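Have a look at the structure below before the remarks.
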Amino acid sequence: MWENFGFEFVNYYFIPGLVLGCIYALGAIGITLTFGILRFANFAHGEIMMTGAFLTWTFLEISNIFLGFYMHPLIACTPAIFIAIFLALSVDRYFYKPFRDSPTIIIVMASFGMMLIIRSLVQVIWGPNQITFVKGIAKPNSYLKDFSSSMDMMLLVPSKHLFIILGTIIIMLAFNYMLTSTRIGKAMRAVSDSPDLAKVTGIDVEQVIRATWIVGGFCAVMAGVFMAMDTQFIMSTMGFRMLLPMFAAAILGGIGRPFGAVLGGLVIGFAEELSAYPWFGNGPLLSPGYKSGVAFSILVLMLVFRPSGILKGRVF
Amino acid sequence: MVAVETLRVNNLMKSFGGLEAVKGISFSVQEGSIFGLIGPNGAGKTTTFNIIAGAERPTSGNVLLNGKDVTGLSSEKLYKLGLVRTFQLSHEYPQMTSLENLMVAASDQPGEKIFMNWLAPKTVASREKEVLERALDSLNFLGLSHVKDELAGNLSGGQKKLLELGRTMMTDAKLVLLDEPGAGVNPTLMLKIIEMIRRLNQERGYTFCIIEHDMDLIADLCEKIVVLAEGSILTEGSMTEVRANEKVIDAYFGGDLE
Amino acid sequence: MKKIILTGIASAALAVSASAEVKVGNPMAVTGPIPDLVAPMLLAVDLAEKHVNEQGGLFADGQKYTIVRADSGCDPTAAVDAVTKLVNVEQVSAIIGPVCSGATIAQAQSVTMPAGVVTLSVSASSPAISSLESGTDLVFRTAASDAFQGKALAELAIANGIMDLAISYANDDYNAAIAAVFASNYEILGGTITANEAHEPDKSSYRSEVATLGADTNNLALFAYYGSSGITILRNSLETGAFDLFFGADGMAAQEVIDQIGAENLGNAFFTTSTSDQTTNAFGAWKAAADAANVPAADPFVPNSYDAAFMMALAIEKLGSGDRAGIASALRAIANGPGEVILPGEFAKAKAILAAGGSIHYVGASGPQDFFNNGDVAGFFSKNTVVDGAWKAEIIK
Amino acid sequence: MDELIGYFLYFLSLLSVGGIYALLALGLNVNWGFAGLFNAGIAGFAAVGAYTFAILTTAESTFHYGGLGLPIIIGEISAFLIAGIIAAVIGIISIRLRADYLAIATIGIAEIIKLIFKNQVDITNGPRGINKIPRTWEHFSESRYFSQPILSWIGDNQFWQAFFDSLVNWWWQPLFAATILFFVFVVYMMLERARVSPWGRMMTAIRENEDAARAAGKDVTRRRVEAFIIGTMIMGLAGALLAQHLRFIEPTHTFDPSKMTFLVWVMLIAGGSGNNRGAILGAFLIWFVWSASELFLNGFIDIVANIFNGIDVSMLKNRSGYLRMLLIGLVLQFVLQKYPKGILPERRPAAPGE
């Protein structure tokens with residue numbers, strides 16, 4: 001087994017794991033922020049992600065009709081981001097805000113209901129069918145081939161994956177800058193660490209909450225668009241399918257720790273892809289039928305044995 | 001009559017990270033007495049109290065209840081050994097009536113095993129009758145009879161405080177730990193609480209260990225007082241002795257007077 | 001505005017109370033995992049309803065043939081609830097069946113068989129349905145059992161010289177069943193299966209799975225719905241070069257696959273479908289009618305859906321009433337012959353013959369629909385390959 | 001006449017399924033209403049009950065192990081117990097998690113349970129599911145039941161065959177509905193007694209203020225696990241009844257969390273958590289709305305089509321299933337905002353013990 005442990009491993013297991021991990025990571029940022037700042041598990045987060053991807057597709061189609069060509073999804077997602085953030089803010093205003101002082105369960109139920117409402121609306125408007133996002137096959141570009149002149153030593157990465165990985169890195173750097181160097185970012189960290197203390201020091205909590213939805217919504221849309229770029233189609237159920245792995249990533253990294261969420265996302269992404277690697281013998285380590293179980297198992301084990309997560313987040 | 005030690009604390013130490021909150025405290029509480037533990041903020045009172053009540057574990061040292069080592073036992077186990085506590089901020093059950101708030105504190109209720117309610121409802125009912133009587137009696141004692149069917153969440157702060165005290169009356173506890181029973185209470189109610197504690201002590205023979213900030217309450221009630229400062233015992237003795245001690249005046253009253 | 005609304009309600013009420021009609025229930029998986037497969041099937045059922053009503057309706061007095069739709073969601077709970085409503089509240093004469101095998105089995109056992117109502121399924125292909133009715137003669141289907149298609153596919157693979165392959169099937173009722181039949185037949189015929197793994201549908205990436213499965217072979221037998229995992233697996237396989245030859249069954253033969261993957265990438269792919277002999281008169285008649293109504297004539301199970309709805313009308317016409325009890329034997333009579341051949345759309349002709357006391361033999365869009373004792377049909381299978389950007393079918397049996 | 005019987009039978013089926021949901025809601029009420037445990041794995045626990053029942057009671061099968069052909073009542077008791085055992089294991093490891101954490105953990109566990117049922121093909125027949133599950137009362141008309149004691153003492157096979165043929169084909173339906181309602185009634189009576197008992201008082205106390213309950217000598221952790229197990233056992237029983245109602249179960253769609261788990265939560269919250277009657281009322285109400293909304297929505301779309309003559313409503317018709325889901329979501333938001341305590345809010349007994 002170890003003799004194969006070269007570029008094949010990198011190309012077919014490591015890079016797919018990394019790409020999946022990037023998508024999970026971006027999605028998990030929003031979850032961990034809402035969990036940390038608003039103190040509830042937002043079940044509607046996956047639907048914001050999915051709506052973002054559908055809106056992006058709509059703008060792609062609009063550009064084709066009016067401009068005669070398809071824009072790059074990363075350009076078409078700009079208006080989608082604004083709409084999705086607006087959606088997230090209005091959901092907060094009308095469905096979550098009335099419950100700020102209620103027991104957590106009520107607001108979790110409200111988010112559960114929102115999940116259903118948003119998804120059904122998308123299904124009524126866009127239909128339940130799969131929609132092609134980008135046509136065709138993204139043939140990988142090969143790298144390092146000239147360097148070694150051996151066919152066995154080349155790195156195969158489709159350009160869509162480069163976009164996803166680089167995009168995630170750029171978003172992470174910007175996010176890091178925001179959290180450490182801007183006033184609102186510091187306020188977000190303060191509220192996440194200790195809401196009571198933050199109140200005493202005169203931080204406008206409602207403003208921080210708005211900022212949370214904006215950042216979370218932005219990251220969710222990007223995760224949705226990246227996922228659509230990767231799978232090349234969109235579907236109304238894609239958000240819900242990502243939800244539990246994203247929860248797993250957020251908890252794995254430690255609640256309220258955005259960088260923990262990124263780490264957790266990568267771990268879950270790698271674990272899912274590497275579970276099919278033939279570690280022993282020829283067959284996959286774990287039957288691919290159990291693939292979704294990987295994230296769930298990590299999630300449950302983590303909750304039971306180390307609910308504070310890798311980066312020591314808060315436990316409620 | 002030989003004085004029996006209900007509670008004995010030996011050389012208790014507790015540190016949080018690098019900070020030593022309690023640096024070797026020892027004292028004992030005689031059966032049937034009212035014992036006071038006072039000290040300025042940060043003296044280690046609450047930590048000591050939490051260790052005795054089973055909410056925290058000491059770094060070293062031990063706690064003896066009736067001669068038995070109970071260090072680090074959980075509060076539900078301590079309860080079974082006859083130690084109950086109250087909380088500084090009232091810990092009522094807001095969605096339950098005052099009466100239920102008391103009834104739930106009763107011990108030895110077979111009906112708390114779910115199958116007993118289906119299999120032996122009579123046993124449950126007869127014990128329940130005793131508990132009900134005792135709870136009504138306690139409410140009466142506290143002067144809360146008129147609010148017995150009110151949800152505890154709707155009571156006034158003072159009533160909650162009395163209810164807190166009332167819960168300790170539902171058991172045959174040997175030792176009652178009171179965490180600042182006078183905190184946030186107006187002077188009239190304070191007198192009432194003092195009265196209740198004294199009557200419980202005299203009529204029902206409860207032993208009390210009170211942590212207090214407020215000197216008046218302690219002065220009125222306690223036979224023996226231990227004064228803590230910066231994690232160690234400053235002095236101990238009767239109120240008169242303590243008041244006379246200059247160190248206490250410096251550390252405590254001095255600060256208070258300014 | 002108010003007036004318009006009132007008129008609307010009144011006319012709806014009138015439409016409901018119009019007495020002379022025979023209702024047939026049509027619980028389809030409108031929601032659920034395969035709405036896009038179902039959409040053209042709904043059109044086909046509606047087309048059959050339209051044909052019957054345009055050609056004089058049912059019986060001498062021209063009663064309306066009404067299809068009552070419900071949502072079975074591919075979900076046993078939903079299907080049982082939907083069919084309970086159809087059978088009891090709508091008082092339908094028969095059921096033109098749910099799409100998914102699980103839903104079909106559940107509603108038949110839970111509702112229609114106890115109530116003595118015939119189920120004529122349009123696309124449920126699970127082998128388990130063959131043994132379902134056990135002498136009650138209440139469960140029929142117009143789609144062939146996977147037991148046949150799995151075998152046909154195995155023979156086709158061997159005939160094309162594919163002697164080793166890996167199997168990846170989506171872990172759902174349809175794909176797991178057909179994969180099992182295929183695997184056993186393929187091994188009996190001398191093929192070698194290097195790997196046989198289920199995969200969890202609806203994941204966003206299968207790259208590592210296909211890489212592992214493709215270690216020892218370049219041929220992939222893929223059993224999946226294109227919408228849940230099929231397209232992603234094809235795409236991942238092509239991207240990683242794990243496999244270069246793909247084949248499989250019904251779930252993948254959809255235009256959507258070509259639209260998404262691109263015809264140029266599917267040169268080495270073929271999928272069988274339960275289909276119709278497209279050279280027959282029957283299919284020609286169906287194709288003409290379907291094209292006129294803008295129904296995709298050759299999509300999976302679309303002809304079968306039409307056949308089911310149309311045959312049910314013929315059976316009711318033959319029986320002379322919507323009485324539940326007689327439908328099973330009437331259905332056998334018009335489907336198995338002997339009698340004058342009736343092609344899709346020829347309702348008026350059939351009606352005339354039946355009125356004259358003659359007998360008819362319906363030959364369907366999806367092939368002759370001669371029912372076996374257990375309500376199954378033999379069916380035809382085609383090998384579909386991509387030619388000029390569309391699936392081209394070629395009969396294999 | 002047929003129509004009247006039809007409506008009657010539909011009503012019976014509403015009662016049956018409503019009753020099954022009522023059991024699920026009562027189980028959840030023990031978890032959430034009594035003990036404050038956010039169990040979001042209802043579908044998984046119901047699946048445990050359903051599969052236990054199916055494997056034990058179906059006739060011998062070549063598809064999978066099991067098919068033991070045991071009597072229905074043994075299947076039901078086993079479903080009840082096995083669900084409890086599974087819950088005990090899960091409860092012991094995960095009970096200390098608080099609200100949303102427990103919810104996420106139980107969702108994950110429910111998904112793992114479903115994956116196991118899906119992949120352990122030799123036991124569960126995998127995604128193809130188990131069919132021909134016997135249904136209470138109706139099963140007596142199967143020869144494998146009437147050819148055995150006690151029925152075989154009364155008459156021979158021909159006698160029974162003739163007897164069952166002579167009955168109307170829906171004879172078992174009122175009996176089955178009554179059986180389910182009987183289960184609901186028994187569970188309700190037991191839970192109601194438990195609720196007003198010292199046990200219920202203690203559970204409420206634990207839910208209301210954990211620290212105070214601990215200081216009053218209540219073994220909080222153990223009691224939580226206990227409530228988790230009791231609630232889950234009721235869900236297991238409901239699963240067994242659901243398997244009987246459907247007569248066919250498979251892991252993917254039958255136990256879809258977004259329908260089953262979520263619907264039960266809506267039922268409990270709408271009915272009034274902490275109130276057993278509320279749980280039952282909510283279950284029947286929401287199920288009636290859910291089931292009848294299909295009839296209602298189709299009629300509504302017809303009316304819309306009639307008003308706006310000429311617009312194409314086929315799209316709306318084909319997507320009416322999603323409109324139903326939307327409707328339930330809106331009902332939930334409405335209830336949460338207007339009746340946060342549910343239609344029948346929790347009421348503490350005025351005088352405890354009475």
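Naming: A, B, ... by sequence-line order, numbering from 1 per chain. As the structure is a computational prediction, the values presented were derived from the model and not from experiment. All heavy atoms count here, side chains included; hydrogens, waters and symmetry mates do not.
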*Find the one option among Asp216(C), Asp259(C), Val210(C), Asp202(C) whose heavy-atom pairs under 4.5 Å with chain A are most numerous.*
Asp202(C)
*Is it the backbone or the side chain of Asn265(C) that comes under 4.5 Å from a heavy atom of chain A, or both, or neither?*
side chain
_Proximal to chain C - members of residues 221-233 of chain A, heavy-atom separation under 4.5 Å_ = Met227(A), Asp230(A), Thr231(A), Gln232(A), Phe233(A)
*Before giving the answer on side-chain contact (heavy atoms from CB on, under 4.5 Å), spell out for Arg207(C) and Asn11(A) the whole-Å C-alpha distance, their side-chain angles and the decisive distance to 0.1 Å.*
CA-CA 9 Å; Arg207(C) 294 187 180 88; Asn11(A) 290 337; over 6 Å; no
*If you look at every heavy atom in Thr132(A) and Glu256(C), which pair is closest and at what distance?*
OG1-OE2, 3.4 Å
*asked:* If we define contacts as heavy-atom pairs under 4.5 Å, which of Ser287(A), Pro16(A), Pro158(A), Ser292(A) has the most with chain C?
replied: Ser292(A)
*Which heavy atom of Arg235(C) sits nearest a heavy atom of Val134(A), and at what distance?*
NH2-O, 3.9 Å
_Which atom of Gln130(A) lies closest to which atom of Ser228(C), heavy atoms considered_ = NE2-N, 4.3 Å
*Atom of Gly262(C), atom of Lys135(A) and distance for their closest heavy-atom approach*: CA-NZ, 4.5 Å
_Part of Met238(A) within contact of chain C (heavy atom distance under 4.5 Å)_ = neither
*Tell me, please, which residues at least two apart from Cys22(A) pass disulfide bond (SG atoms under 2.5 Å apart).*
none
_Please classify the contact between Ile231(C) and chain A as side chain, backbone, both or neither, with a heavy-atom cut-off of under 4.5 Å._
side chain
*Examine whether an atom of Glu264(C) lies under 4.5 Å from a heavy atom of chain A, and if so say whether it belongs to the side chain, the backbone or both; otherwise answer neither.*
neither
*asked:* I need the contact set between residues 174-184 of chain C and chain A: heavy-atom distance under 4.5 Å, sorted by residue number.
replied: none
*Using the test side-chain contact (heavy atoms from CB on, under 4.5 Å), find all partners of Ala44(C) that sit at least two apart in sequence or belong to another chain.*
Trp286(C), Val295(C), Val302(C), Ser305(C), Tyr306(C)
_Minimal non-hydrogen separation, Tyr12(A) against Thr240(C), with atom names_ = OH-O, 3.1 Å
*Heavy-atom distance under 4.5 Å to chain C: side chain of Phe14(A), backbone, both or neither?*
neither
*For Leu286(A), is it the side chain, the backbone, both, or neither that has a heavy atom closer than 4.5 Å to a heavy atom of chain C?*
neither
*Has the side chain of Tyr206(C) got a donor or acceptor atom that lies under 3.5 Å from a matching backbone atom of Pro288(A)?*
no
_Does Phe163(A), at its CZ atom, have more than 12 non-hydrogen atoms belonging to other residues, nucleotides or ligands within less than 6.0 Å?_
no
_Whether Glu200(C) side chain and Lys291(A) backbone form a donor-acceptor pair below 3.5 Å_ = no
_Heavy-atom pairs under 4.5 Å with chain A - which of Ser205(C), Ala170(C), Ser168(C) has more of them than the others?_
Ser205(C)
*Proximal component of Val19(A), with respect to chain C [non-hydrogen, under 4.5 Å]*: neither
